[in-house]
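Below is one structure, written out as C-alpha cells; the observations come after it.
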Amino acid sequence: MSDPAQHILTWQCGKDEDKMIREALQVCCDRGKFKDLCQTASSVQFRARLKVVPPFLTDLSRQHPDVCFTQEWASASRAEAGKTVYSGGERTETPNHKDVGQYAYEIWRHAEQAETALQFAHKVEANWQEYRQKMLSLSKEALIEKAGEIAAVKLTRDVLAKPGLDAEAREYLDRFENPLEVVSDSWLSEQDGDWSAAFDHVLWVLRSHEDAEIDYETEQTM
C-alpha cells in the first residue's frame, strides 16, 4: 500500500451494533485494504489509500442506516485533509475552517498518540499477566499475606490502562520494561506509615452513627 492516508472514524450506537461495525473494519484490515488498525473505546483509526475508503464507508453506512459516521482524514504528505459524514449511504463533505496543513498535523498527531497509548496498555497488561501467573504459583497462605500487594498492583493496572492517563506520565513510564511494577511499588511505599489516626476516625464514625447495627447482625445478649 503506497502513501496511505491516516483516517479516524467515529460513531455512536448500541453495543451490539458497535461490535458489528468494528468486526467489519477488522475484516477489511485482514484483507489488506486497511493497515495499522487501532481501536479505542471512542473511535477506530487506520491507514488506507483515499480511493479505498469512501466506497467501504458508504456501504457500511447503508448497512447501518441509523448510525452517523464521521471520517477525518489526512494524506501522508499533510498536503490534503478533510472531514466527511456518512449516513444512510449518503456522503457529505464538511467544510474545513482550519489551515489544511495544521488540520492534517493534528490528525496524524492524534493517531500517533492513540497508537502509543494502546501499545502502552498492552505492555501493562502483559506485566499484569506475568505478575498474575507468579501469584497463582503461591500457596493459599502466601496469597493471603500478599493480599495488600495484589490489590495495589491490580489498582495500578486499572489506572495505567485508562485512556485518560497523562501523556507525559505515559511517555516517562514507557521507558521501563515493567511500568506496572514501577508504579505499584511506589504506590505501596506511599501507603506505609501510621494509620492509627485514620482507624480512630473509622471507629468514631461507627460508634456515633450506629449504622453498623442496621447493616450487620449483632450477638444476642441474655
Side-chain angles (χ1 to χ4, degrees), residues 1-126 128-129 157-165 167 170 174:
M1 184 184 300
S2 60
D3 197 30
Q6 178 67 54
H7 305 265
I8 299 175
L9 187 66
T10 56
W11 66 89
Q12 290 185 343
C13 63
K15 185 176 180 180
D16 291 340
E17 195 162 23
D18 179 82
K19 181 181 179 181
M20 293 172 62
I21 293 169
R22 291 174 183 272
E23 288 175 348
L25 287 160
Q26 185 62 58
V27 168
C28 223
C29 184
D30 293 341
R31 291 176 177 174
K33 292 184 178 180
F34 299 165
K35 73 173 186 177
D36 299 328
L37 185 69
C38 178
Q39 302 199 36
T40 69
S42 59
S43 67
V44 170
Q45 59 189 48
F46 53 89
R47 289 170 191 158
R49 288 178 295 175
L50 289 173
K51 67 178 183 179
V52 171
V53 181
F56 169 78
L57 291 181
T58 298
D59 188 49
L60 186 65
S61 68
R62 190 176 293 114
Q63 295 171 18
H64 302 275
D66 296 328
V67 181
C68 181
F69 297 90
T70 300
Q71 170 211 12
E72 294 182 276
W73 62 271
S75 64
S77 65
R78 278 52 165 189
E80 298 179 88
K83 179 186 290 187
T84 309
V85 175
Y86 294 82
S87 180
E90 298 295 327
R91 174 184 173 190
T92 305
E93 299 291 340
T94 301
N96 179 24
H97 300 292
K98 296 182 179 181
D99 174 75
V100 172
Q102 179 63 29
Y103 186 50
Y105 170 80
E106 291 174 0
I107 290 173
W108 278 91
R109 179 61 177 163
H110 179 277
E112 290 166 358
Q113 289 176 340
E115 289 175 5
T116 301
L118 189 62
Q119 290 168 2
F120 180 75
H122 288 162
K123 176 190 280 190
V124 171
E125 182 60 25
W128 164 254
Q129 291 301 329
R157 180 200 67 167
D158 294 343
V159 171
L160 294 184
K162 287 183 178 179
L165 181 67
R170 183 177 63 245
D174 202 22

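From a predicted model like this one, the values you see are computed outputs, not experimental measurements. Heavy-atom basis, side chains included; hydrogens, waters and symmetry copies ignored. Positions are given from 1 along the sequence.
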Do Arg22 and Asp18 meet the salt-bridge criterion of a basic N to acidic O distance under 4.0 Å? yes
Rounded distance [0.5 Å steps], OG1 in Thr94 versus CD in Glu72: 9.0 Å
d(Gln63 CD, Glu17 CD) to nearest 0.5 Å is 10.5 Å
Is it true that, when you exclude Glu90 itself, more than 12 heavy atoms of the residues, nucleotides or ligands shown sit nearer than 6.0 Å to its CD? no
Just how far is it from atom CD of Gln45 to atom CD of Gln39, taken to the nearest 0.5 Å? 10.5 Å
Could you tell me whether a side-chain N or O of Lys123 sits under 3.5 Å from a main-chain N or O of Asp174, the two making a donor and an acceptor? yes
Within the 4.5 Å heavy-atom criterion, are Asp16 and Met20 side-chain neighbours or not? no
CG (Leu60) and CH2 (Trp11) are apart, to the nearest 0.5 Å, by 8.0 Å
Indicate the atoms forming the closest heavy-atom contact of Ala104 with Glu80, along with that distance. CB-O, 4.2 Å
For Val159 and Leu165 the tightest heavy-atom approach is O-CD1, 4.3 Å
For a side chain to side chain contact (heavy atoms under 4.5 Å, CB included) check, start with the C-alpha distance between Leu37 and Val44, then their side-chain angles and the critical distance, and finish with the verdict. CA-CA 7 Å; Leu37 185 69; Val44 170; 3.4 Å; yes
For residues Val100 and Ala79, report the shortest heavy-atom separation together with the two atoms involved. CG1-O, 3.4 Å
For the residue pair Gln129 and Glu125, confirm or rule out a side-chain donor-acceptor distance under 3.5 Å. yes
For the residue pair His7 and Leu50, establish whether any side-chain heavy-atom pair is separated by less than 4.5 Å. yes
Geometric class of the Phe56/Phe34 ring pair [parallel <30°, tilted 30-60°, perpendicular >60°]: perpendicular
Separation between OH of Tyr86 and CG of Leu57, rounded to the nearest 0.5 Å: 5.0 Å
Would you mind reporting whether Cys13 and His64 have side-chain heavy atoms less than 4.5 Å apart? no
About how many Å separate OG1 of Thr58 and CZ of Phe69, when rounded to the nearest 0.5 Å? 11.0 Å
Exactly one of Arg47, Arg78, His110 should register a side chain to side chain contact (heavy atoms under 4.5 Å, CB included) with Gln6. Which one does? Arg47
Minimal non-hydrogen separation, Ala5 against Ser75, with atom names: CB-CA, 3.9 Å
Taking every heavy atom of Ser87 against every heavy atom of Pro65, the minimum-distance pair comes out as OG-O, 4.4 Å
